[in-house]
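The structure appears below as structure tokens.
Nothing here was measured: the structure is a model prediction, and the numbers come from that model.
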Amino acid sequence: MASGVTVTEDVVTVFNEMKVRKAQAGEEEKRKRKKAVLFCLSDDKKNIILEEGQEILQGDVGTTVQDPYLHFVKMLPPEDCRYALYDATYETKETKKEDLVFIFWAPDKAPLKSKMIYASSKDAIKKKFTGIKHEWQVNGLEDIKDRRTLAEKLGGQSVVSLEGSPI
């Protein structure tokens, strides 16, 4: 069921910037790159927008943000829904990888109306996020707080570390 909610151009721009990894990027450009970002519905519930101030930049990692995954988990509101993009850095037994993960956060404590509109609007945002390999619906902190759960989504038993921390 479509909700009639539209995705703003800012959301698409952020996705495209996160998706494209520039090999020639300078240090400053790399630091400004988004590691994680949250999206929410506008107040009138007609648009999916960037949630103001709810992001982690690559340059924050190791300075103001020690563990980007735990910091990201703490950004999720305990009683409302969100969409998120998380740029996961992980290692398998063979290689280092980076993948974007689309997360639909719908905690059990969120109001039913919010869950319904976010669920019915999910296809609108997913259609704009072409090429996403990993999608994850999360219904509470129990599902997301342990990095092993994300590691399983990314590569099952072959993942040995996530964000530099062993699994």
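Donor-acceptor pairing under 3.5 Å is lacking for the side chains of N47 and T8.
Heavy-atom minimum distance, A110 versus C81: CB-SG, 3.9 Å. The two residues D80 and P111 have their closest heavy-atom pair at OD1-CD, 4.3 Å. When every heavy atom of K153 is checked against every heavy atom of H134, the shortest pair comes out as O-ND1, 3.3 Å. Minimum heavy-atom separation, S42 to D44: OG-OD1, 2.6 Å.
K34 is listed as a side-chain neighbour of V14, based on a closest heavy-atom distance under 4.5 Å. Between T149 and D143 the shortest side-chain heavy-atom distance does not fall below 4.5 Å. Contact check for M75 versus E51: no side-chain heavy atoms found under the 4.5 Å cut-off. Considering only heavy atoms from C-beta on, F72 comes within 4.5 Å of I144 through its side chain. Between K109 and P78 the shortest side-chain heavy-atom distance does not fall below 4.5 Å.
Criterion: ILVMFWY side-chain heavy atoms under 4.5 Å apart, direct or through other members. Under it, Y69 and V61 are part of a common hydrophobic cluster. Note: the hydrophobic cluster containing L154 also contains I103 (ILVMFWY, side chain heavy atoms under 4.5 Å, direct or indirect links). No path of Ile, Leu, Val, Met, Phe, Trp and Tyr side chains, each step under 4.5 Å between heavy atoms, connects I49 with I117, placing them in separate hydrophobic clusters.
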Chi angles and distances behind the side-chain contact (heavy atoms from CB on, under 4.5 Å) call for V11, K128: CA-CA 9 Å; V11 170; K128 301 286 185 180; over 6 Å; no
Stepwise side-chain contact (heavy atoms from CB on, under 4.5 Å) test for Y86 and L150: CA-CA 10 Å; Y86 184 81; L150 178 56; 4.2 Å; yes
Y118 and W105: CA distance, side-chain angles, deciding distance, side-chain contact (heavy atoms from CB on, under 4.5 Å) verdict: CA-CA 9 Å; Y118 271 86; W105 169 249; over 6 Å; no
Test log, rule side-chain contact (heavy atoms from CB on, under 4.5 Å), inputs L38 and E55: CA-CA 6 Å; L38 295 185; E55 64 182 23; over 6 Å; no
From CA spacing to verdict: salt bridge (Lys or Arg N to Asp or Glu O under 4.0 Å), R147, E163: CA-CA 9 Å; R147 67 183 70 241; E163 305 304 344; over 6 Å; no
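Each of V160, L162, V159 was compared with E91 under the side-chain contact (heavy atoms from CB on, under 4.5 Å) criterion, and only V160 meets it. Of the options F104, F39, W136, a ring pair (Phe, Tyr, Trp, His ring centres under 6.0 Å) to Y83 is made by F104 and by none of the others.
Salt-bridge annotation for E135 and K126: present, with a side-chain N of the basic residue lying under 4.0 Å from a carboxylate O of the acidic one.
Between L57 atom CG and K32 atom NZ the span is 9.5 Å, to the nearest 0.5 Å. The distance from the CD atom of E9 to the CG atom of L50 is 12.5 Å, given to the nearest 0.5 Å. Taking CZ from R33 and CE from M18, the interatomic distance works out to 7.0 Å, rounded to the nearest 0.5 Å. T89 contributes atom OG1, which lies 6.0 Å from atom CD of Q58 (distance to the nearest 0.5 angstrom).
Looking at D60, its side chain never comes within 3.5 Å of a backbone N or O of I56 through a donor-acceptor pair. The backbone N or O of R148 lies less than 3.5 Å from a partner atom in the side chain of D146, making a donor-acceptor pair. Counting only distance, with no hydrogens or angles, the side chain of K115 and the backbone of D108 share a donor-acceptor pair below 3.5 Å. Checking side-chain atoms of S158 against main-chain N and O of T92 turns up no donor-acceptor pair under 3.5 Å.
Under a cut-off of 6.0 angstrom, the local environment of NZ in K46 is sparse, with at most 12 non-hydrogen atoms contributed by other residues, nucleotides or ligands.
Note on ring orientation: taking the six-membered ring where Trp is involved, the planes of F102 and F129 are perpendicular (angle over 60°, cut-offs 30° and 60°).
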